[in-house]
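Everything on this sheet refers to the single structure shown next.
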Amino acid sequence: MSRATTHPVFSRVYPHIARAAEKGGAAEHRRSLLAGLQGRAIEVGAGHGLNFAYYPASVSEVLAVEPEPHLRELAQRAAERAPVPVRIADGRAEALPAGDGEFDAVVASLVLCSVPDQDVALREIHRVLRAGGELRFYEHVIAHEPRVARVQRILDATIYPFLAGGCHCARDTGAAIRRAGFEVERHERIAFRPSPRAPAIAHILGVARRA
Ligand SMILES: C[S@@+](CC[C@H](N)C(=O)[O-])C[C@H]1O[C@@H](n2cnc3c(N)ncnc32)[C@H](O)[C@@H]1O
């Protein structure tokens, strides 16, 4: 059992924000995130289960770990409609309910922005993957443009994590994945507008492998 992580407002608002993003292109990103995945997968911070619909039949089982109680309840309902078996568990990225090398794949989508410490979370992700296993990632990241990056850092140091359920907008998640010892095999950088009125936000989508 994880420490309770309750975000009563964010957990009720996020499904609406995410619905708009799905229509704007996130659905395609999720499809691409999971295409060709095989074997047993663990999804870290699964939210309300938006990825479940995109797991291919070659995935034998998904353990979806989500610490926020309301999102976990919604994920349980999404699991019942999923095309592959999905088991929901309480847990946090920094202490996953899984043994060493237990999984063929780890899925992290829009979650490494929210964990308290990326290095700790990525060490744990590395631990539960078998040698040669894949980390599939889809994350928003810090902008290359210095002026935008400066604004993102200010937001992270002030109101943004408070408003967005612990999310940070100025993280260099690609660098953190490499620092954790993964070999990045595929890495696409996308300027994505999650809603028509939102600014384009840099996202990374790709595959990294445990050596
Ligand atoms: C923006 S939502 C993304 C949800 C989902 N992965 C998706 O793609 O829609 C961020 C998620 O990270 C979860 N989260 C926050 N801190 C976490 C942690 N330490 N470990 C695991 N998940 C965490 C939140 O509860 C929330 O479900």
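For ligands, and for the atoms within them, numbers begin at 1 and follow the listed sequence. Just so it is clear, the model here is predicted, and its values are computed rather than measured.
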Determine, using heavy atoms of [X] and all atoms of ligand 1, whether some pair is separated by less than 4.0 Å.
| X | result |
| --- | --- |
| A18 | no |
| A46 | yes |
| V111 | yes |
| C113 | no |

Does any N or O of ligand 1 fall below 3.5 Å from an N or O anywhere on [X], backbone included?
| X | answer |
| --- | --- |
| R30 | yes |
| G91 | no |
| E43 | no |

Which residue owns the protein heavy atom closest to [atom], what's the atom, and how far is it?
| atom | value |
| --- | --- |
| atom 9 (O) of ligand 1 | Y14 OH, 2.6 Å |
| atom 11 (C) of ligand 1 | G45 O, 3.9 Å |
| atom 16 (N) of ligand 1 | S114 O, 3.8 Å |
| atom 10 (C) of ligand 1 | L110 O, 3.3 Å |
| atom 26 (C) of ligand 1 | E66 OE1, 3.8 Å |

**Which of the ligand 1 atoms, numbered from 1, are nearer than 4.0 Å to a heavy atom of P116** =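 Counting atoms of ligand 1 from 1, those under 4.0 Å from P116 are 19 (N).
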**Prompt:** By number and element, which atoms of ligand 1 are closer than 4.0 Å to a non-hydrogen atom of E68?
**Reply:** 25 (O)
**Prompt:** Is it true that E80 and R77 make a salt bridge, defined as a side-chain N closer than 4.0 Å to a carboxylate O?
**Reply:** no
**Message:** Restricting to ring pair (Phe, Tyr, Trp, His ring centres under 6.0 Å), what partner residues turn up for Y160, sequence neighbours left out?
**Reply:** none
**Prompt:** Where do R92 and E124 land on the salt bridge (charged side-chain N to carboxylate O under 4.0 Å, His left out) test, with the steps shown first?
**Reply:** CA-CA 10 Å; R92 303 170 64 84; E124 184 68 351; over 6 Å; no
**Closest to atom 14 (N) of ligand 1 among P67, A164, S11 (heavy-atom distance)** =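 Checking each option, the heavy atom nearest atom 14 (N) of ligand 1 is found in P67.
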**Message:** As a check for students: among G49, S109, G47, A93, identify the option with a heavy atom nearest to atom 18 (C) of ligand 1.
**Reply:** A93
Short side-chain to backbone donor-acceptor contact, [X] and [Y], under 3.5 Å:
| X | Y | result |
| --- | --- | --- |
| R210 | H126 | yes |
| R193 | G25 | no |
| H168 | C113 | yes |
| R186 | V207 | no |
| E134 | D104 | no |
| E139 | L112 | yes |

**Message:** Tell me the contacting part of Y138 for ligand 1: side chain, backbone, both, or neither, using a 4.0 Å heavy-atom threshold, strictly below.
**Reply:** neither
**Asked** Looking only at heavy atoms, is any part of E94 under 4.0 Å from ligand 1, and if so is it the side chain, the backbone, or both, or is it neither?
**Response** side chain
**Qualifying residues under side chain to side chain donor-acceptor pair (under 3.5 Å), relative to R189, sequence neighbours excluded** = H144
**Message:** Applying side-chain contact (heavy atoms from CB on, under 4.5 Å) to Y138 and F192, what does each step give before you reach the verdict?
**Reply:** CA-CA 12 Å; Y138 171 48; F192 176 52; 3.9 Å; yes
